[in-house]
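Side chains are part of it too, since the values below use all heavy atoms of this structure and drop only hydrogens, waters and symmetry mates. Here is the naming used below: chain letters follow the sequence lines, and residue numbers restart at 1 for every chain.
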Amino acid sequence: MTPTELSAAIVRILAALQCSGALGEGSLPSEVVIERPKNREHGDWATNVAMQQAGNFGVNPRSLAELVCGQLVALAEVEKAEVAGPGFINITLSADAAGAIAKQIVEAGSAFGFGVAMTGIKLNLEFVSANPTGPIHIGGTRWAAVGDSLARILESQGAAVTREYYFNDHGAQIDRFARSLLAAARKQEAPEDGYAGAYIDQIAQQVLDGTAEDLIALPEESAQEAFRSAGVALMFAEIRESLHDFGVDFDVYFHENSLYESGAVDRAISRLRELGHIFEADGATWLRSSEFGDDRDRVIIKSDGEAAYIAGDLAYYLDKRGRGFDRCIYMLGADHHGYVPRMMAMCAAFGDTPGVNLEIMIGQLVNLVRDGEPVRMSKRAGTVVTMEDLVEIVGVDAARYALVRSSINSQLDIDLALLEKKTNDNPVFYVQYAHARTAQVAVNAASLGVDRSEFEPSLLTHESEEELLAKLIELPRVATTAAEFREPHRVARYLEEVAGAYHRWYDNCRVTPLIGQSAETIHRTRLWLNDAAGVVLRNGLGLLGVSAPERM
RNA sequence: GCGCUUGUAGCUCAACGGAUAGAGCAUCUGACUACGGAUCAGAAGGUUGGGGGUUCGAGUCCCUCCAAGCGCACCA
């Protein structure tokens, strides 16, 4: 019996109690919180439903708990149900009902952990979106890992997710990039406000190599434009390749520039003007964003006639909504959190609901440290760490896992000294090793005649088996919660617990018989549990975009 | 000055408002001539930054103070 089934059973019990007049008026909860108690003496599962719902039904918590317990024990799967403390209900399942889930998990296979909570939701997830003026740094790498993993998790719950990269190929930063390339091609110093570094020289050279034309000899403006278009294309191709090698592929690479070329920006402004949220002042065009919670109004078209950055955002958001996305999620770094109020104001100005149609996730930045001392990213000091550097040092799996296992609300410290030592203290190896072990145990079992021809769940009674079973069945709930809260790190933490439970079980309970013994029902039954653990670890690692190797 | 995020074990971090706050690393002590020791068992380590409040119950919610990071443009 799974916690989900237990939850449904309790809801039915509440309905029946209400029907029989034992409870007062009150709406029934759709589900009940079922938890694994920390203390084993509190049974297999516990619920606080009596405390949560007592007020609702006009009874006191303990007597509601008593009523529910009375009905629970009548279920065949429930061995014991007791009231504890202020009104907790502690439930112990029969060994048979607890063990049965091993088979359920194996039979669900690659579908186990997947749900339908978000079916029908069309969702746009925008992340990374780094400017194509340089390679992706460690900060952007974090969003790549988290964003892709979140997409996988949302998809596991039935959402239709589009991974999108907003490509800022318009505006002053790109101009600086183009001027820097041109200067490099001319063997000149980088402009004051420009970009420098080996990659600038390389791209400048590639631009020159890519054409028979003598770009340097062109008039200043044409030369800059030539370097802009070719340089951005090259830089972007490089970024795309890095991301691909990192296991992250976007469905849509959206070009900011296209919004200006297609007239989408003008249309967005016209739309807002029709809605009465635009005004002219001091020679500029403004959005009355202060009416929608922003600190102040925002300039959209500057007095020199150029569009401000937010103009692109207006059109881009409208474009996403026009493409049918119910929910647009933006992942931004903490250095852009000041944008949230104006983005939300924009959403409201279009008549949408901030927080629903537009959702913004703010992730804290990644700090570089060496032996505990903070290190500033600096090209001159050689302390810039790019996505490629990180992958080269620790590999894709370890990099992705390290970046995804912490909440995005916490600043992450990456210790360069630790990276250089290439130590194996990354918990990903613990989890992957557990998976490899399930695979090798299965191989050994097959060679010794242990197969899945028998399943007797009541034999799975060792403490470590009960713990493992209880942990395995939680994947669906963990995935649902991770999707709901947009928190992929929950999956990683959960997998570490599963791996721990599996290793402990492995240490206590043999799947294969000892030499001289023959394969028994217990061995065959345990093989189901072993394989169930493999399913959970494999599916969970899949949600993180981390491989599940069969041997290491 | 205002705003956002954070403050939990020596370090890096967990903990749908639930019972005795948990892992990993580091430290110490143990465990294979039997399914992979990248493992397991055990020890030690905490006034959850300080102080108030809300309630059956607060690391979690509210107020306040302290500290850190990041923002407060007709820059992008």
Side-chain angles (χ1 to χ4, degrees), chain A residues 33 35 37-39 41-42 46-48 51-52 54 60-62 84-88 90 131 133 168 170-176 193 256 281-286 295-296 298-304 306-310 312 333-341 362-365 367 369 372 374 402 405-415 418 423-427 429-430 432-434 436-437 440-445 447-448 450 464 477 480-481 484-485 489-490 492-494 496-497 499-500 502-504 506-516 523 526 530 551-552:
Chain A
V33 176
E35 279 186 329
K38 294 187 190 102
N39 187 337
E41 289 167 17
H42 294 154
T47 174
N48 61 2
M51 289 175 287
Q52 297 286 352
N60 72 58
R62 281 199 63 103
F88 288 105
N90 294 333
N131 288 348
T133 54
N168 297 280
H170 185 272
Q173 284 194 28
I174 293 297
D175 292 343
R176 284 202 283 274
D193 56 354
E256 180 187 12
D282 305 328
T285 302
W286 299 68
D295 314 332
R296 49 175 301 166
R298 302 288 170 181
V299 167
I300 293 176
I301 305 292
K302 296 186 268 184
S303 52
D304 64 3
E306 290 289 314
Y309 183 77
I310 193 174
D335 51 343
H336 287 101
H337 75 257
Y339 267 66
V340 176
I362 297 298
Q364 298 301 308
L365 304 178
N367 300 318
V369 299
R405 78 182 284 267
S406 297
S407 159
I408 63 166
N409 286 330
S410 69
Q411 293 180 28
L412 219 50
D413 290 336
I414 298 284
D415 194 313
L418 230 50
T423 58
N424 271 5
D425 60 6
N426 190 322
F429 299 115
Y430 184 72
Q432 287 184 316
Y433 182 62
R437 223 174 206 182
Q440 294 312 306
V441 166
V443 168
N444 293 335
S447 72
L448 290 171
V450 176
S464 65
R477 187 186 61 80
T480 305
T481 307
E484 182 188 350
F485 294 155
H489 76 272
R490 289 171 181 272
R493 298 292 171 160
Y494 164 72
E496 290 168 26
E497 292 172 13
Y502 177 76
H503 286 310
R504 283 186 285 277
Y506 171 91
D507 217 54
N508 283 292
C509 301
R510 295 185 57 92
V511 172
T512 55
L514 293 175
I515 292 166
H523 301 115
R526 281 179 179 156
N530 178 76
R551 51 177 69 246
M552 296 174 69

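- Taking every side-chain heavy atom of A/Ile515 into account, B/A34 is the closest of B/A19, B/A34, B/U12.
- In this entry the distance linking CD1 of A/Ile408 with C1' of B/U5 reads 10 Å, nearest Å.
- A sub-4.0 Å separation between OP1 or OP2 of B/C40 and a side-chain N or O of A/Tyr430 is present.
- No hydrogens or angles were tested; on distance alone, a donor-acceptor pair under 3.5 Å links the side chain of A/Asn90 to the base of B/A19.
- Contact annotation: A/Arg510 side-chain N/O to B/G36 OP1/OP2 distance is not under 4.0 Å.
- Rounded to whole angstrom, the span from the CD atom of A/Gln411 across to the P atom of B/U5 amounts to 13 Å.
- Residue A/Asp282 is classed as a base contact, given a heavy-atom separation below 4.0 Å to a base.
- Closest approach to the A/Arg490 side chain among B/A15, B/U20, B/U6 is made by B/A15 (side chain taken as heavy atoms from C-beta onward).
- Where A/Arg551 and A/Ala334 meet RNA chain B, the nucleotide closest to each residue was compared, and A/Arg551 sits on the side nearer the 5' end.
- A donor-acceptor contact under 3.5 Å links the side chain of A/Asn48 to the base of B/G18.
- Residue A/Tyr506 places its side chain closer to B/G36 than to any other of B/A14, B/G18, B/G36.
- Within the 4.0 angstrom heavy-atom criterion, no nucleotide atom of any strand lies near A/Gln432.
- The strand RNA chain B forms stems, runs of 3 or more Watson-Crick or G-U wobble pairs with distances below 3.5 Å, at B:1-7 with B:66-72, B:10-13 with B:22-25, B:27-31 with B:39-43, B:49-53 with B:61-65.
- Spacing between atom OH of A/Tyr494 and atom P of B/C16 amounts to 16 Å, rounded to whole angstrom units.
- In this structure, the CG atom of A/Asp295 is 10 Å from the P atom of B/C4, given to the nearest Å.
- For the pair A/Gln364 CD and B/U5 P, the interatomic distance rounds to 9 Å; values are reported in whole Å.
- Taking the side chain as every heavy atom from C-beta outward, A/Val511 and A/Tyr506 never approach each other to under 4.5 Å.
- In the set B/A15, B/U39, B/C40, B/A15 carries the atom at the smallest distance from any side-chain atom of A/His489.
- Going from atom CG of A/Asn508 over to atom P of B/A34 covers 18 Å, rounded to whole Å.
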